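Data block below; observations after.
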Amino acid sequence: MSILVRSIGITLAVIVVLAVVVIAVYMVRRSREKARGLRVKKSSATQNSITNLEPRHKPNAIAASPERDHVKRESFTSSSVMQQSSKKRLAVLSAFGAGVLALLASKLYFLQIVTRDDLQSAAERNKYKTISTPAPRGLIYDADGVVLVDNRAVSVVLADASVLKSADIVKRLSVVLGIPLAVVRRRIADTSTGAQGKRVVASDISFTQEAYIREHIDAFGGISIEKRTIRSYPYKALAAHVLGYTGKVSQEDLKTVAHNRHVELGDDVGKNGVEYTYDQILAGEHGRRRVIADTNGTVVGVVSDTAPVQGSDLYLTIKAPLQYVADAALAQTIAPRGVIGEGHGVAGAAVLLDMADGGIVALSSYPTYNPETFIGGISREVWDVYSSQTSHYPLLNRAVSGTYPAASTFKTFTGLAGLKYGLADFHKTWHCTGAWDGFHSGNVQHCWLRTGHGYIGLRRGIIQSCDVVFYEIALNFFYAGHSRGGTLSDEALQEEIGRYNFGKKTGIDLPAEEVGRIPTPEWKRKHWRDVPTEGVWRGGDLTNMVIGQGDVLITPIQLAVAYGAVATGHIVRPHVLKQVKNGRDVAAVSKELEIIDTPDVNTEHLEGIKSALNAVASATPLLRTAYVKEGINPDSIACKTGTAQVKGSKDFGWIACYYPSNHPRYVCTVIIEQGGGGAATAGPVSAKILSALQKYEHGNLKEVEAIEPSSGRSVKLAGVSAARND
């Protein structure tokens with residue numbers, strides 16, 4: 001029954017009732033008035049009869065008394081007053097009834113004439129409802145077609161909203177599914193899929209549970225079982241920080257998802273990784289079921305039913321065999337000794353970038369996690385573990401979101417800056433005694449080699465990573481600045497470093513990329529605005545920055561892009577997407593090489609720096625041993641290590657390298673948090689990755705295995721297992 005019909009019916013019923021009441025009151029009043037009139041007439045007749053029986057000529061003694069005349073007059077007057085009062089009450093009641101009738105009549109006119117179309121539309125909307133069916137998301141493949149994220153068909157128990165009224169059915173579901181009664185009630189009461197939408201009670205039920213419900217379907221009125229898909233990760237935590245994970249859409253998500261994508265509460269959306277970046281592409285089109293519902297919201301008929309359409313597939317630049325080696329190498333280096341690793345450090349990241357197209361071949365972060373943990377929602381207990389400092393934040397993608405001091409990997413770029421402004425050259429030498437106080441301030445700075453390198457030039461200063469050489473370059477920049485009477489900008493060094501994209505986003509197609517920091521006098525002033533004496537820019541700020549320390553912060557992906565520019569002359573935009581293919585396996589979108597900038601560098605200067613980088617691996621015993629062990633010729637690798645000092649922590653180890661050194665194509669960067677020297681910890685990881693790259697290029701590496709998730713400490717919750725790494 002429509003809203004309009006119900007409104008008219010109720011209005012007419014009220015009018016009839018009021019009319020009957022008014023008529024009944026009126027009839028009662030009339031009856032009473034008639035009765036009073038008869039009594040008055042009868043009394044008068046009786047008095048007349050008595051009078052007629054009396055003698056016509058009365059003695060004076062028995063003449064009519066004044067008291068009797070007074071009584072007659074009072075009786076007549078009282079009767080008249082009562083009649084007038086009744087008439088007034090009847091008039092008031094009639095006026096009230098007429099007013100009510102007029103009001104109801106106007107309301108009826110308003111409903112029937114003025115708002116007829118609106119009410120009719122509302123009635124139609126209440127009658128017909130559209131229920132959405134989630135679409136399967138597109139699959140995610142590696143560059144060679146290896147499935148990294150699949151869909152798995154599962155049986156889902158659905159309940160109509162009306163099931164909540166049946167305590168018996170709710171109890172049966174609780175028993176059969178093994179879900180607490182309160183949880184079953186809460187899920188059926190959930191209106192996130194719409195008032196008439198079916199509510200998901202349980203996903204991925206067992207064959208036994210499904211068979212029991214189907215065999216006893218008469219005892220489960222309003223319950224149905226449908227086949228739907230959920231995400232499946234064949235290799236567990238492999239490339240987890242690239243792939244990301246999905247979850248139920250939240251109110252906050254509805255504000256951020258693409259405007260041209262239709263999203264409803266209850267849908268799965270990408271929360272991280274490429275699942276987030278390319279959510280619109282991976283998401284399919286909802287299925288639509290047009291139903292007829294009664295006044296209680298119960299579906300009584302289906303008008304139309306359109307099947308959902310699966311989303312498009314993604315092909316990534318990631319190469320699964322190399323990704324596996326990178327993930328495994330980090331785990332084997334960092335995980336506790338005696339478990340699966342060597343116990344060096346607490347966390348780390350690795351990047352392998354192909355400069356031919358800007359594609360990320362491997363991107364790894366440790367500790368890691370299994371994206372499957374988030375299917376159906378993650379428990380508070382597991383979330384707290386993943387978000388804790390003791391677990392070292394497994395959800396953090398350290399390759400793009402981790403910021404670290406650059407350490408000696410920075411010397412490549414500060415050396416180029418010194419060469420550009422004539423503040424350094426390949427012929428000049430400096431004397432390194434292991435201690436330096438070029439500003440004569442009494443604040444002595446040390447070289448990493450406390451015994452000193454002796455007289456040393458720029459090329460050997462890069463190979464041996466002599467800090468004193470670069471202190472001297474920073475000293476020259478400081479006194480060449482305008483504020484010291486020089487001809488250069490006070491930020492000339494920072495400007496040259498910035499040409500290699502430090503302090504900026506690389507633009508990689510993964511979420512939450514950090515920009516890092518290249519400190520300037522202005523930045524320091526703002527940073528210490530509450531302590532002005534600390535905000536003064538001093539020479540020590542430059543000597544710290546020139547060796548990648550102090551307030552310098554960079555990300556592994558930034559370092560890879562910067563060394564790629566040294567190797568090839570171009571700054572490229574890195575990406576993990578290779579192609580998008582639709583349901584017909586046709587490439588709809590393909591990512592190509594995108595060159596952001598080409599730094600203007602003197603060719604002689606650049607070749608001199610590259611010559612120094614080419615000699616680092618062979619000249620560093622730990623590196624040479626690591627590369628030879630993995631079957632790599634050290635002379636084919638150009639690299640620079642770094643050991644970052646972090647207050648209150650063990651040293652962080654860096655390496656940045658490109659391969660092959662004579663015709664550079666690939667860039668690899670590795671960071672090991674609290675792992676010690678870069679040559680000792682980061683170097684061997686890069687050796688394993690580049691060795692795997694050689695084998696892959698020769699067709700000798702095709703195996704891909706699962707990577708176990710880790711949380712940084714022992715935990716077995718909701719399918720999560722990890723090793724202790726406090």
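Everything numeric in this text was worked out from a predicted model, so none of it was measured.
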Margin query: Could you tell me if T598 and H570 have a donor-acceptor pair between their side chains, going purely by distance under 3.5 Å?
Written below: yes
Check: Any luck finding a side-chain donor-acceptor pair between D144 and Y315 under 3.5 Å?
Finding: no
Notebook entry, point to check: Side chains of T555 and E513: donor-acceptor distance under 3.5 Å anywhere?
Noted result: no
Check: Does the side chain of S618 come under 3.5 Å of the side chain of D635 through a donor N or O and an acceptor N or O?
Finding: yes
Item checked: Centroid-centroid distance, F413 to F502, less than 6.0 Å -> yes
Note to self: For the residue pair S465 / K640, report whether a side-chain donor-acceptor contact shorter than 3.5 Å exists.
What the structure shows: yes
Margin query: Would you say D327 and S364 are linked by a side-chain donor-acceptor pair, where the criterion is simply a distance under 3.5 Å?
Written below: yes
Check: Do NZ/NE/NH1/NH2 and the carboxylate oxygens of E472 and K428 come within less than 4.0 Å?
Finding: no
Next item on the list: Ignoring hydrogens and angles, tell me if any N or O in the side chain of Q558 forms a donor-acceptor pair with the backbone of K504 under 3.5 Å.
Entry: yes
Check: Any donor and acceptor pair, going by atom type alone, linking the side chain of K271 with main-chain N or O of G244 inside 3.5 Å?
Finding: no
Margin query: Test your reading of the model: is there a side-chain donor-acceptor pair from Y563 to the backbone of T409, 3.5 Å cut-off?
Written below: yes
Check: Do any N or O atoms from the side chain of S387 and from the backbone of W383 form a donor-acceptor pair under 3.5 angstrom?
Finding: yes
Note to self: Whether the E673 and Y404 side chains hold a donor-acceptor pair (N or O, under 3.5 Å, no angle test) is what I'd like checked.
What the structure shows: yes
Check: Strictly by modelled atom types, are R459 and S611 linked by a side-chain donor-acceptor pair under 3.5 Å?
Finding: yes
Notebook entry, point to check: Taking the inter-plane angle between the rings of F439 and W436 on a 0 to 90° scale, is it parallel (under 30°), tilted (30 to 60°) or perpendicular (over 60°)?
Noted result: perpendicular
Check: Under the 3.5 angstrom rule, does the side chain of D279 hit a backbone N or O of V269 as a donor-acceptor pair?
Finding: no
Next item on the list: Return yes if a side-chain donor-acceptor contact under 3.5 Å exists between S686 and Y627, otherwise no.
Entry: yes
